[in-house]
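Quick note on labels: first sequence line is chain A, next is B, and so on, each numbered from 1.
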There are 2 protein chains.
Amino acid sequence: MDTSFAPLAPEATNPQSFRPEAPLELDIAELQRHMVVTRRKVRAGQYLYRNGQPFRALHFVHAGFLKTCELSEDGREQVTGFRMRGDLLGVESIGLSVHTCDAVALDDAEIWELPYPPVLDALRHIPELQVRLAAALAEEIRRDRVWMLTIGTLPAEQRVAAFLLDIAARLARLGFSARHFILRMGRADIASFLALKHETVTRALSHLERLQYISVLRREVKLLDVPKLRACVGTPCTIQ
Amino acid sequence: MDTSFAPLAPEATNPQSFRPEAPLELDIAELQRHMVVTRRKVRAGQYLYRNGQPFRALHFVHAGFLKTCELSEDGREQVTGFRMRGDLLGVESIGLSVHTCDAVALDDAEIWELPYPPVLDALRHIPELQVRLAAALAEEIRRDRVWMLTIGTLPAEQRVAAFLLDIAARLARLGFSARHFILRMGRADIASFLALKHETVTRALSHLERLQYISVLRREVKLLDVPKLRACVGTPCTIQ
DNA sequence: CGGATCTTTGAGCGGGGTCAAATTAGGTGG
DNA sequence: CCACCTAATTTGACCCCGCTCAAAGATCCG
């Protein structure tokens, strides 16, 4: 079996090198005709926004990788999602004056800020985009609920498999390799997102590797047997 | 201790007898000026809509109690929420042509149907309501994420306590008693929602009763010690 | 090189799941 | 109205998956 990572050149074959030509869902150019869209760099580890800070903009991820975290008053923390190029952050704060969660860059990121509430006025003049915003919010709800289903009905290893397939599919939509990628988050973040502990995630990954479904070395992942992974998470095999 | 339910007259003190005078978030009268709002009765156990059916309307709950269920292709099922008077159902399907989940009445319900997409056109003529819709969607996202936090970070008994406090708070907002109510759903539905098994929910309720935090008899619940329940779910006690 | 962080693995335990049975409520038709 | 049937709830006994605790690499950064 070839699960060695040696032949990988450090940068040339990096499966997630920057690719600005990937298509975007949102037509930013159209929006810019109606408001001031400012660009913002956020370093890995920095907060894009924090729980309690004033809500002044929607944040469109142009490049980079982030996580969103829900917090409780007594200090519990839950990763609620991972966001990448093309995702819109901050929509959960619409209707409020402050953010109710954290957004943290896991990678150096470039964010385009759509000032709020001006963005709502802009949408009023672009009825088509208004529907797009509602649709984007609805899709966020659907995504969250599919994860509720996953977490509520699948055991640890299958949650991890579902997580890998989700990341792979999203990277594929951006034009990256779905079979070979670098995780931008640590085991603890994956664990929190999947309602597990980091040791359990590690063990699940190790076991999936022993089954030859994937190969893992720290944050580098290769999907070796996607059909088996899909079967693992309950998607009936398309063949047969 | 008085945990007896004997003194309860069958209807007169029913903590959830119909109360149409409770205030609503959505101004239906305003909407009716722009579209045809049809009323619909749904019997307990019937589907309001099902996964895969065409998405033709948003559904406003005027009376009754419902659950929404997420389904997987391989037959797994997850209760994603319980909906009562004032809640808007179907928003998760905005942007799609079919529903992606089930909505089931747990009680005889009266639903006001806001035809879609006409409702979007109506919103275009009522800018204020357009923002309300986005805000309603955003609040749905926040609610889901708070449950992710609860399920991801609290053990079984505390999840059940959080569930009871949530139901109580929502009933209170509708003008019902927050201390004494009838659950409209079975143990299995609660369990699914909280990512537990029904026996675990039963045991948690029994234990909370033994602690004198609540009293339970089948679906009838009294909250005896709300501060202790709140402390249980991590809300720092407001009194010191 | 040295220290902090992240990942991996093992050993042991326990919370919650599984299986089973008893009890009770509710519905239905005689 | 009651007998019967079905479904919901409760409880016990047992077990296992995932958590806890601990320690040993591995990687990164100053």
Kindly give the heavy-atom pair with the smallest separation between [X] and [Y], and that separation in Å.
X        : Y        : value
A/Gly234 : B/Arg76  : CA-NH2, 4.2 Å
B/Leu223 : B/Ala168 : CD1-CB, 3.7 Å
A/Thr153 : A/Leu149 : OG1-O, 2.6 Å

Interatomic distance where [atom1] belongs to [X] and [atom2] belongs to [N] [whole Å]:
X        : N      : atom1 : atom2 : result
B/Ile151 : C/dG15 : CD1   : P     : 20 Å
B/Leu106 : D/dA8  : CG    : C1'   : 14 Å
A/Leu217 : C/dC6  : CG    : P     : 17 Å
A/Glu220 : C/dC6  : CD    : C1'   : 16 Å
A/Glu209 : C/dT7  : CD    : C1'   : 13 Å
A/Arg219 : C/dT8  : CZ    : P     : 10 Å

Looking at [Y], is its backbone amide N or carbonyl O close enough to the side chain of [X] to form a donor-acceptor pair, meaning the two atoms are under 3.5 Å apart?
X        : Y        : value
A/Asp108 : A/Ala44  : yes
A/Gln78  : A/Ser192 : yes
A/Arg159 : A/Leu154 : yes
A/Arg83  : A/Leu66  : no

Give a yes or no on this: more than 12 heavy atoms of other residues, nucleotides or ligands lie within 6.0 Å of atom CZ of B/Arg143.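 Count over threshold, so yes.
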Can you give me the bend angle of the helix from C/dC1-D/dG30 to C/dG30-D/dC1? Use the axis through the first five pairs and the one through the last five, nearest 10 degrees.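 Inter-axis angle at the termini of the helix from C/dC1-D/dG30 to C/dG30-D/dC1: 50°.
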Take the angle between the ring planes of A/Phe82 and A/Phe163 and call it parallel below 30°, perpendicular above 60°, tilted in between.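 The rings of A/Phe82 and A/Phe163 stand perpendicular, inter-plane angle above 60°.
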So B/Trp112 and B/His62, would you call those rings parallel, tilted or perpendicular, with 30° and 60° as cut-offs?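 Because their plane-to-plane angle is under 30°, the rings of B/Trp112 and B/His62 count as parallel.
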Give me the distances for all protein-to-nucleotides 25-29 of chain C N/O pairs that come in under 3.5 Å?
none

How is B/Leu205 classified with respect to the nucleic acid when contacts are heavy atoms under 4.0 Å: base, sugar-phosphate, or nothing?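 No contact.
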Salt bridge present between A/Arg40 and A/Glu113 (N-O < 4.0 angstrom):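 The answer is yes: the pair qualifies as a salt bridge.
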Give me the distances for all protein-to-nucleotides 18-21 of chain C N/O pairs that come in under 3.5 Å?
{"unit_1": "C/dT18", "atom_1": "O4", "unit_2": "B/Arg203", "atom_2": "NH2", "d": "2.9"}
{"unit_1": "C/dC19", "atom_1": "N4", "unit_2": "B/Glu199", "atom_2": "OE2", "d": "3.2"}

